[in-house]
Amino acid sequence: NNQHRILQRGPAVEPCISPPPLLPFSELVMAPTTKYATPLLAMGVPGLAWVVASLMGGCILTTYSLCIMEDKCPRLPKLPTISDTWVPIPGNYVSRIVVSLAALLLQAGNLAMYFMNEARRSPSTSASYPSNQFLAQMAYVAVFLFSWVGAICDSSSNPTCEGQGTLHSACAVTFFIIYNVYEVFLVEMPTKQGYEVRNRTSLRVMLGLSALAKLRFLPAVQGHFDETPLAIVEWGDVALMMVVLVRFLSQHATELSLSLVRSSSSSEGEEEEGKVAKVATVEDKSSVRVLSDMTTDRFATVGASLGLATIVVSWALAVHQGVVKSGELPNISDVFVHKPENWISRWGIVLTGSLMTATTFLAYYVRADPTVSTRGVLSKLLLAVVTLVGLASNGAIMLFGANNIGESTKMHEVCGAVFFGGYSVYMLLYTVDELVASRANVGFRFAGQVLAFVVSLVSKVRFPVVASWLAKCLCSSHVGRIFCHFVGVNNDGTHASDPYGYQWADLGAIAGFLTLTVLLHPVARRFSLAITTPASALGY
């Protein structure tokens, strides 16, 4: 079958790649494939490395500048450690979000580097040299620990942090050591002819200096120097590791990309709608080989599951600690205040926001696909507005998770209102867009979308400004009084009981809408973020 072969001069050969190593749950996430697809957007893996390095470099410089401006850190010639700049407001919020984003992108880079190693590793490599699967697992574990460094900041007592210094240091130190070793194995790996490491000497020098910088973790060294020399070494170590990664991938991962792709149509639902797209094959000049991908519905499933798990675990811990009452629906924000729930929410809710941002972005292409609907100028504009509203809502939930109600009550409440209010607007505009652009029949899925919007809209009575407006403008009339009684709003604008049930109903409406518009969408699986290589590339 030529669709599953590599295009080369001469006889076709089977791909020499083996499936990537996957952690226990990750068949749901990034699944190995042997398909070809049409690329819609692409960023080379070297560019991805630059993005990760720029995010972290920008984060460090930004939080340092903010810390100086707030007079929370010493000025030059003294220098604070990076972790110290992540304790005061607002640098703590910046670090929690940026570290999460950088870790997520770096994990995608780790997967790409697995395929890079598969293509360049010499078949005669000694059996004692770590396998590509083992190296990839090393990188996955290291970056997973790194993703917690922002969530668990370095001060146990500072109210703007409420972290745990020992756990923070353990995650950071383990990441530094494991990833440093991983980079050494990348540089020293025996390779096939034509895949030799260029500038290996300079890379070895940088990795050697990075390894020496790890001596700062020894108690004897820490006791001998004050903070500034240790901070200088730490900043230098971070720079060295980023430079090695960027330089190495710029030389050896040039044929790999992180791409947004449209794959062939294969679902029965699409065939029933008569929307079967042309199958991308290796013979198509515009096609790319998909090495591993994560479809729109997988992003939605993982994001929603992670968000729900974060809330449930935090709720259970809060009940165990006596922070919230057992058997009652709490204010969701209240379960994110105390340790360790605040660490879990900073990690899980921010990551959920990132995954849902990817889902919203992919959903744009699902709706814009010409095989789904034919759009005019106004319809395209409406779809763009829908997407921007969704992205803004996801950004708000990331900031909502990055700061809890005990750190900055006003900001936390505003972010929550923007997320829930923005998502109601997103539901409305999305449903109108689907009705106009697709001329959808009022069936189960469409009716469910309308119901989810109505539930979300009614649940907004929990906000004091909405309850006050109802009391002033609606509750005085006979029909309005019935409605106000039904939703639990008194004539003076107060609530007859705790309105937290509406918050959970709103969350359920969002989950239901997501299920209807993404998980049950007939073509959502055709669009994915993928690790790709040109169809004609050798060795993949």
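Residues: numbered from 1 along the sequence shown. Keep in mind that the numbers below use all heavy atoms, side chains included, and drop hydrogens, waters and symmetry copies.
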Over all atoms of both residues, closest heavy-atom pair of [X] and [Y]:
{"X": "L256", "Y": "A112", "value": "CD1-O, 3.3 Å"}
{"X": "V335", "Y": "P330", "value": "CG1-CG, 3.9 Å"}
{"X": "A42", "Y": "S257", "value": "CB-CB, 4.4 Å"}
{"X": "F527", "Y": "L362", "value": "C-CD2, 4.3 Å"}
{"X": "A530", "Y": "V261", "value": "CB-CG2, 4.1 Å"}
{"X": "P46", "Y": "L249", "value": "CG-O, 3.2 Å"}

With a 4.5 Å cut-off on side-chain heavy atoms, are [Y] and [X] touching?
{"X": "Y36", "Y": "V290", "value": "no"}
{"X": "V389", "Y": "L429", "value": "yes"}
{"X": "T431", "Y": "E434", "value": "no"}
{"X": "I510", "Y": "F419", "value": "yes"}
{"X": "D506", "Y": "V455", "value": "no"}
{"X": "T359", "Y": "V518", "value": "yes"}
{"X": "H521", "Y": "R445", "value": "yes"}
{"X": "C59", "Y": "W86", "value": "yes"}

Working for side-chain hydrogen bond (donor to acceptor under 3.5 Å, both in side chains), residues W347 and S147 = CA-CA 7 Å; W347 185 85; S147 70; 2.8 Å; yes

inquiry  = Would you say the ring centers of Y426 and Y423 fall short of 6.0 Å from each other?
reply    = yes

ask   = What about F513 and Y430, are their ring centers closer than 6.0 Å?
value = yes

If only atom types and distance count, is the side chain of [X] paired as donor or acceptor with the main-chain N or O of [Y] below 3.5 Å?
{"X": "S100", "Y": "I97", "answer": "no"}
{"X": "T515", "Y": "A511", "answer": "yes"}
{"X": "S95", "Y": "N92", "answer": "yes"}
{"X": "Q449", "Y": "T517", "answer": "no"}
{"X": "S263", "Y": "A37", "answer": "no"}
{"X": "S459", "Y": "S456", "answer": "yes"}
{"X": "T533", "Y": "E255", "answer": "yes"}
{"X": "Q503", "Y": "S333", "answer": "no"}
{"X": "T494", "Y": "N490", "answer": "no"}
{"X": "R96", "Y": "A402", "answer": "yes"}

note = Only residue of L260, L383, L391 satisfying side-chain contact (heavy atoms from CB on, under 4.5 Å) with Y364 is L383

message = Is there a side-chain hydrogen bond (donor to acceptor under 3.5 Å, both in side chains) between S259 and T532? Walk through the geometry before answering.
response = CA-CA 6 Å; S259 306; T532 64; 2.7 Å; yes

ask   = For S408 and N403, what are the C-alpha separation, side-chain angles and deciding distance, and is it a side-chain hydrogen bond (donor to acceptor under 3.5 Å, both in side chains)?
value = CA-CA 7 Å; S408 178; N403 79 96; 4.5 Å; no

Would one find more than 12 heavy atoms of other residues, nucleotides or ligands at under 6.0 Å from atom [atom1] of [X]?
{"X": "K380", "atom1": "NZ", "answer": "no"}
{"X": "L378", "atom1": "CG", "answer": "no"}
{"X": "W50", "atom1": "CH2", "answer": "no"}

task = Check step by step if side-chain contact (heavy atoms from CB on, under 4.5 Å) holds for L104 and L351.
result = CA-CA 8 Å; L104 185 61; L351 183 54; 4.0 Å; yes

Verdict with reasoning, V337 to E407, per side-chain contact (heavy atoms from CB on, under 4.5 Å) = CA-CA 8 Å; V337 174; E407 292 177 313; over 6 Å; no

query = If you draw the axis of the six-membered ring of F336, does the NZ or CZ of R346 fall within 45° of it and under 6.0 Å from the ring centre?
reply = no

query = Between R462 and E413, is the closest basic N to carboxylate O distance under 4.0 Å?
reply = no

